Structures are given as structure tokens and as C-alpha cells.
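Before any comments, here is the structure.
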Amino acid sequence: MLQKQPLQNKPVENSPAGITAIRRRLLHWYGRHKRDLPWRRTTDPYRIWISEIMLQQTRVAAVIPYYDRFLTLFPDPAALASAREQDLLAAWAGLGYYARARNLQKAARAIVELRGFPVDYTTLRQLPGVGDYTASAVASIAFGMPHAVLDGNVLRVLSRLVAEGGNIKSQLVRKNLGAVADTLLDRKRPGEFNQALMELGATVCLPKQPLCGQCPIRPHCQARAQGVQNQLPVNGVRPVASRRELHLLVIDQGGKVLLAERPVDSRRLAGFWELPEREQVPDAIVQRPGGEFRHTIVHTTYLVQVNRATVRRRPDGFQWIRKSALQSFPLSTTARKALACLSR
Ligand code: SF4
């Protein structure tokens, strides 16, 4: 256990030669092993920014089809700024964390007012939805500015590199690892260096079983030298996962289906459309059998039961929406899964 055997936590490298060696090894490895991803084929700050926002909380494989489609629909800040909310949400539907899409549009409007993409870190950082990580990523990748990024992958790699045994969620530990990232950053190639560190975390320095045998910086890694790479980073307590049951109804007639729009002040999915829950339509006549599926949102897993049903009259708060329009309609992922579940 970490507590019984204190880690030998040292500064990243005491000699400039050691730091230069880490940079050289990492950049060489990145040049040979980086994945060919669409946003790595451009230096357009708009496209890089869109990819960075999409990649927050979402896996690379899930983002790729959305990225291409989104940029076809909204190829520049002006197109995004003037998009209808309904079209924007439909293009984002399935990616989750919808505040990201709304902030993208607010930021696009600010960029249009600025008459161009901001080329300095401070203005970038002030755009809606742009935090330290995104501002550093766009500044370094698109403009070659020397700002080190600190995302989950980078924190994991650095915590192992220096054998950081403190809780990675604490502000102090993050500050220390931020200083390590600053020290290591290659000022001549900051964008590539940042991406190399993130790529190492995503493909080699994996959360559970790091592939140290394939790692270009293993001679410098203090966690590996001490044999504690599988115990780092220290993550603190995980939130308890919960389960909930949900019973949805698919009520359709005359080529239309009954849906309700979530209120604009909803904490989640404002502006998206949902199927009725069983309790919302108590006099519906439910048909059986139906279908079921699971859907996880953050730490809650929903066990969703779906049935077709009929009603005599349209319940308050719901509207009949043409099925032919649903493809480009901002449906919640749960509603989309429920409709697909019954059409199998
Ligand atoms: Fe991660 Fe292993 Fe490389 Fe250390 S040697 S940085 S633990 S992959």
C-alpha cells in the first residue's frame, strides 16, 4: 500500500539534459505512433476548438463522426453563430453534456463580433465554455503558443512520471503537476508536445495497466522505477453509482408521435424532446409486450421499459410530431433509444 511504503517523489528531472531527453523521446515517439485523427490534419483554430470541446468527456471514436458532420453543417464561426438552436442540438444529439453545444454557439457569436478568431490566450480564455485546458490546447496547437495542457490523460502520465502519491483531485497536487507540465513543455513545438503527452496517456500510459514496455519515457519514470505505476494516480473516493427505473410510452397515430419539449430552465437537456413517462399519461392504454434497455447518465444507470400505447386525447404539455421529421429533430438519447428499441 502507498501509505506503508512512502513514494520517493522527486522533481521531474534535475538536469536540463534530462528534460531535453524526455522532450526528444516523446516527440520522436509521437511522430511515429500518433493516431491519424481528423483534427490533426488542420491548423484552423475553429476546427481545433470544435474538436477540443467535443472531446471533453467523450471518447475519440464517438467524436469522429460527429466532428465531420458538425463541420459540414457549420463550417465556420458565422455559420455556427446563426444556426437555429433546433439544428444545433440535433447535430449534437448523442454527444451528451449539451451545455457544450450552447456555449459553442455563444462563443461563435463572440468570435463574429470580434471579427475573427482570437489569437491571444486571454481573449480565448474569456470565450464561453473555454477553460484553462481548452484555451491552452487551442493556443498551443493552432498558434504555437507556449501553454501546457493539463487534462485527465496528462495528469495521469505526469503523476506517474514524478511518482506523485497525493490525491490527483486536490488543488495542490494539480498545481504541482501543472508546474511539472510547464517545466517539460517544449517551447519550440508546444502544440505537438501537448498532443504527444495526451496521446501517451490515451494509448500507452493507460489507467489500469500502463504499457510501460512501449513507453518512450520509461527510463525517466519514477513510478515504474519504484514498481508503483498500477497504484497511481491516487484518485480519492469514487461517487456511488445508482440505478433508477423508467417506463416510457411510444404513443403514435397518423404518422405522428407524442413528445414533450424539456423546459428551457432544465438542468439537463433543455430544449430536447422526450417521450412521455407512464405516470404522465395515467389514462393511456398500454400494449404489451414492449422492450427494454439500459442507459447510463453520469453515475446513474436507468433501466428503461418501453411500451406502445394509445390515448383518446392529447395530454397537456405534449405535442404530435411527424415521424418523418424525427431524424433531424433534437430528441434526447433516451427517446431515440426507446423508439429504436420498438422498431427492432
Ligand atoms: Fe506511464 Fe509506464 Fe510510461 Fe511510466 S513508464 S509514464 S507508468 S507508461
Side-chain angles (χ1 to χ4, degrees), residues 1-37 40 55-57 59-61 133 136-137 140-141 146-170 172-236 238:
M1 293 295 292
L2 296 180
Q3 291 85 343
K4 289 182 192 160
Q5 205 169 21
L7 295 175
Q8 303 298 307
N9 174 220
K10 294 187 287 183
V12 58
E13 277 286 339
N14 291 324
S15 68
I19 292 172
T20 304
I22 292 176
R23 289 177 186 152
R24 185 173 39 76
R25 286 170 185 270
L26 193 58
L27 285 168
H28 179 72
W29 170 84
Y30 182 65
R32 295 185 60 184
H33 297 283
K34 68 180 171 191
R35 291 166 293 175
D36 179 25
L37 302 174
R40 288 186 176 155
L55 286 164
Q56 289 169 10
Q57 331 259 9
R59 289 175 303 108
V60 164
Y133 165 77
S136 296
S140 63
I141 298 169
H147 291 277
V149 296
L150 214 55
D151 73 345
N153 282 325
V154 172
L155 284 168
R156 182 170 60 256
V157 173
L158 296 182
S159 72
R160 287 170 173 165
L161 186 64
V162 300
E164 169 58 65
N167 187 340
I168 204 155
K169 294 193 174 131
S170 90
L172 181 64
V173 167
R174 283 177 181 243
K175 197 167 159 232
N176 291 343
L177 293 177
V180 173
D182 273 341
T183 304
L184 285 179
L185 183 70
D186 188 319
R187 257 89 187 144
K188 294 192 191 121
R189 299 163 69 187
E192 268 185 280
F193 184 85
N194 280 335
Q195 291 184 87
L197 213 45
M198 290 191 274
E199 188 78 346
L200 189 72
T203 62
V204 173
C205 195
L206 302 172
K208 287 198 179 128
Q209 290 287 337
L211 309 172
C212 300
Q214 301 171 27
C215 179
I217 56 172
R218 65 183 177 278
H220 308 269
C221 179
Q222 294 171 34
R224 184 171 177 270
Q226 297 173 47
V228 294
Q229 65 271 25
N230 290 339
Q231 298 172 51
L232 295 177
V234 174
N235 267 319
R238 284 182 184 277

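For ligands, and for the atoms within them, numbers begin at 1 and follow the listed sequence. We're numbering straight along the sequence, starting at 1. Atoms considered below: every heavy atom in the structure, side chains included; atoms not considered: hydrogens, waters and symmetry mates. Computed from a predicted model, the values in this text were never measured in an experiment.
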**Message:** No waters, cut-off 2.8 Å: how many protein N, O or S atoms are close to atom 3 (Fe) of ligand 1?
**Reply:** 1
**Prompt:** Closest approach of Ile168 and Pro233, non-hydrogen atoms and distance?
**Reply:** CD1-CB, 3.4 Å
**Prompt:** Can you tell me how far CD of Glu192 sits from NZ of Lys34, rounded to the nearest 0.5 angstrom?
**Reply:** 5.5 Å
For residues 204-219, which side-chain donor-acceptor pairs fall under 3.5 Å, sequence neighbours excluded?
unit_1: Arg218; atom_1: NH1; unit_2: Gly213; atom_2: O; d: 3.4
unit_1: Arg218; atom_1: NH1; unit_2: Cys215; atom_2: O; d: 2.7

**Asked** Nearest heavy-atom pair of Ala181 and Leu158: which atoms, and what distance?
**Response** CB-CD1, 3.7 Å
**Item:** NE2-CG distance between His147 and Leu185, expressed to the nearest 0.5 angstrom
**Value:** 9.5 Å
**Message:** As an exercise, state the distance from OG of Ser170 to CG of Leu177, rounded to the nearest 0.5 Å.
**Reply:** 9.0 Å
